[in-house]
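All values below come from the heavy atoms of this structure, side chains included, with hydrogens, waters and symmetry mates left out.
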Amino acid sequence: MAALLRVCRPGCGGRHFGLRLVSVLSGGNELPANLLLQTNIIKKERKGPTPIDAGQPVLRKCEIAIPSHLKPRQAWLESLQGFDENLGVVELHPDVFAVPPRIDILHEVAIWQKNFKRISHARVKTRAEVRGGGRKPWKQKGSGRARQGSIRSPVWRGGGISHGPRGPTSYYYMLPMKVRVMGLKVALTMKFAQDYLHIIDSLEMPSPDPEYLCDLALHRHWGDSVLIVDANEDMPENILEATKNSKTITVIPVLGLNVHSMLKHETLVLTLDAVNLLEKKLLWHDTRFSPLYPFKLPYRDFP
């Protein structure tokens, strides 16, 4: 129900009045029904209690000291050995998995990763490179037409191109290392906040059958695409055989983890060794005081 109230604008001295429409709702501050979102859109279904409320034993604690004003984040520890429930709880460092969500840095790193290896081979011919046009088409004076010196001038059809691309052109540039590190932290934080980050004990599987891994991902609601990360480059044969021809499940070492891959895949699965290595490498950049590379190295216009 709506009511029209006549109110006086402040400072008008009572001479000018305005009309204001006031909505009177039954619930006071409740929103109309057409502005309310459906429950299944804004709330994700979770199975069982959260790691904080479960009371499970903590199987892994942070090796690096946590600041006194921060608390470690907790996640479930899972396994690829079967369809059993969670094994326990692991603690994650808040300076890696709970940083402020800097979407601008995430976008900057994603664009850099897409462009810093880009080389454009677009190339057009100038008037000097187009075949023909060596002689003057007509004499300078007397014909009544505009003076021309070559039929390959840029103003002629079939002539050369002026100010066109002259490839190959490199789009190389380098972001500061701490910006790239912050991009990785923000991506990990977003995956953890959206419940798309899962921790497993190892990559050991009882079977190399791809159907087993797909059924396991479906049972645990890992989504349409999964990125599995391990600290070791020599991975077990079963996991390699199961993901060899898979288009939705990818296995990479932790040294190859990047922002683009995390944004491309819906779910990120880390092993315990990968978590330890990530925290060690990423937190080292927060305390270093010397430059990672000498400043004389070219950061732009790389040949």
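Around CG of Asp104, the count of heavy atoms belonging to other residues, nucleotides or ligands within 6.0 Å exceeds 12.
Partners of Asp215 by side-chain hydrogen bond (donor to acceptor under 3.5 Å, both in side chains), not counting sequence neighbours: none found. For His265, there are no ring pair (Phe, Tyr, Trp, His ring centres under 6.0 Å) partners two or more places apart in sequence or in a different chain. A search for side-chain hydrogen bond (donor to acceptor under 3.5 Å, both in side chains) contacts involving Glu279 returns Arg60, not counting sequence neighbours. Every residue was checked against the ring pair (Phe, Tyr, Trp, His ring centres under 6.0 Å) condition with Phe192, not counting sequence neighbours, and none meets it. Qualifying side chain to side chain contact (heavy atoms under 4.5 Å, CB included) partners for Pro210, counting only residues two or more places apart in sequence or in other chains: none. Scanning for side chain to side chain contact (heavy atoms under 4.5 Å, CB included) contacts around Glu237 gives an empty result, with sequence neighbours left out. Annotation: side chain to side chain contact (heavy atoms under 4.5 Å, CB included) contacts of Leu184 (sequence neighbours excluded): Val259, Met262, Leu282.
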Open item on the list: The test is side chain to side chain contact (heavy atoms under 4.5 Å, CB included); show your working for Arg220 and Leu216 and say whether it passes.
Closed with: CA-CA 6 Å; Arg220 294 181 178 173; Leu216 183 64; 3.6 Å; yes

- [ ] Kindly determine whether His285 and Met177 satisfy side chain to side chain contact (heavy atoms under 4.5 Å, CB included), including the steps that lead there.
- [x] CA-CA 8 Å; His285 290 276; Met177 177 58 73; 3.5 Å; yes

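Between the side chain of Thr267 and the main chain of Tyr196, no donor-acceptor pair closer than 3.5 Å is present. Proximity of a side-chain donor or acceptor of Ser153 to a complementary backbone N or O of Ser150 within less than 3.5 Å is not detected. No donor-acceptor pair closer than 3.5 Å links the side chain of Gln194 to the backbone N or O of Lys191.
In this structure the side chain of Leu80 never reaches within 4.5 angstrom of the side chain of Glu204, judged on heavy atoms. At a threshold of 4.5 Å between non-hydrogen side-chain atoms, the residues Trp284 and Arg288 count as touching. Two residues are said to be in side-chain contact when any heavy atoms from C-beta on lie closer than 4.5 Å; Met182 and Arg102 meet this criterion. You'll find the side chain of Leu106 reaches within 4.5 Å of the side chain of Leu263, heavy atoms only. Under the 4.5 Å side-chain criterion, counting only non-hydrogen atoms from C-beta, Ile105 is in contact with Val109.
When hydrophobic clusters are built by joining Ile, Leu, Val, Met, Phe, Trp and Tyr residues whose side-chain heavy atoms come closer than 4.5 Å, directly or via intermediates, Val181 is grouped together with Ile103. The hydrophobic cluster containing Leu87 does not contain Val58, counting ILVMFWY residues as joined when their side-chain heavy atoms lie under 4.5 angstrom apart, directly or transitively. Leu257 and Leu272 fall within a single hydrophobic cluster, where Ile, Leu, Val, Met, Phe, Trp and Tyr are joined by side-chain heavy atoms under 4.5 Å apart, directly or via other members. Leu277 and Ile66 are assigned to two separate hydrophobic clusters, defined by single-linkage of ILVMFWY side chains at heavy-atom distances under 4.5 Å. Under the 4.5 Å side-chain heavy-atom criterion for Ile, Leu, Val, Met, Phe, Trp and Tyr, Met235 and Leu213 are members of the same hydrophobic cluster.
Ring-plane geometry between Phe83 and Tyr212 is classed as perpendicular, the angle between the planes exceeding 60 degrees on a 0 to 90 degree scale with a lower cut at 30.
A pairwise comparison of heavy atoms in Pro101 and Met190 identifies CB-SD, 3.8 Å as the closest pair. Minimum interatomic distance between Ala98 and Thr189 (heavy atoms only, all atoms of both residues): N-OG1, 3.4 Å. Nearest heavy atoms, Ala274 versus Val254: O-CG2, 4.1 Å. Here the closest non-hydrogen pair linking Val124 and Arg166 is O-NH1, 2.5 Å. What you find for Leu59 and Gly88 is that their closest heavy atoms are CD1-CA, 3.8 Å. The two atoms that bring Pro168 and Ile119 nearest to each other are CB-CG2, 3.9 Å, heavy atoms only.
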When the side chains of residues 89-96 are checked against the rest of the protein, which donor-acceptor pairs come out under 3.5 Å, sequence neighbours left out?
residue : atom : partner : partner atom : Å
His93   : ND1  : Asp95   : N            : 3.1
His93   : NE2  : Ala65   : O            : 3.2

List the atom pairs, with distances to 0.1 Å, where a side-chain N or O of residues 225-233 and a protein N or O form a donor-acceptor pair under 3.5 Å, not counting sequence neighbours.
residue : atom : partner : partner atom : Å
Ser225  : OG   : Glu266  : N            : 2.8
Asp230  : OD1  : Thr271  : OG1          : 2.8

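Summarising the geometry, atom OH belonging to Tyr173 is positioned 9.5 Å from atom CZ belonging to Phe116; distances are rounded to the nearest 0.5 Å. Rounded to the nearest 0.5 angstrom, Leu203 CG and Ile239 CD1 are separated by 5.5 Å. Distance check: Lys185 NZ to Lys178 NZ gives 9.0 Å after rounding to the nearest 0.5 Å. In this structure, CG in Leu270 is found 8.5 Å from CD1 in Ile200, a value given to the nearest 0.5 Å. Interatomic distance, Asp84 CG to Asn86 CG, rounded to the nearest 0.5 Å: 10.0 Å. The distance from atom CZ of Arg127 to atom CH2 of Trp156, rounded to the nearest 0.5 Å, is 11.5 Å.
For residues 110-125, the pairs satisfying side chain to side chain donor-acceptor pair (under 3.5 Å) are Gln113-Asn258, with sequence neighbours left out. Here side chain to side chain donor-acceptor pair (under 3.5 Å) pairs that include residues 238-248, with residues two or more places apart or in two chains, are Glu241-Lys244. Residue pairs meeting the side chain to side chain donor-acceptor pair (under 3.5 Å) criterion with at least one member in residues 131-145, sequence neighbours excluded: Lys136-Gln140.
Centroid-to-centroid, the aromatic rings of Trp222 and His198 come within less than 6.0 Å.
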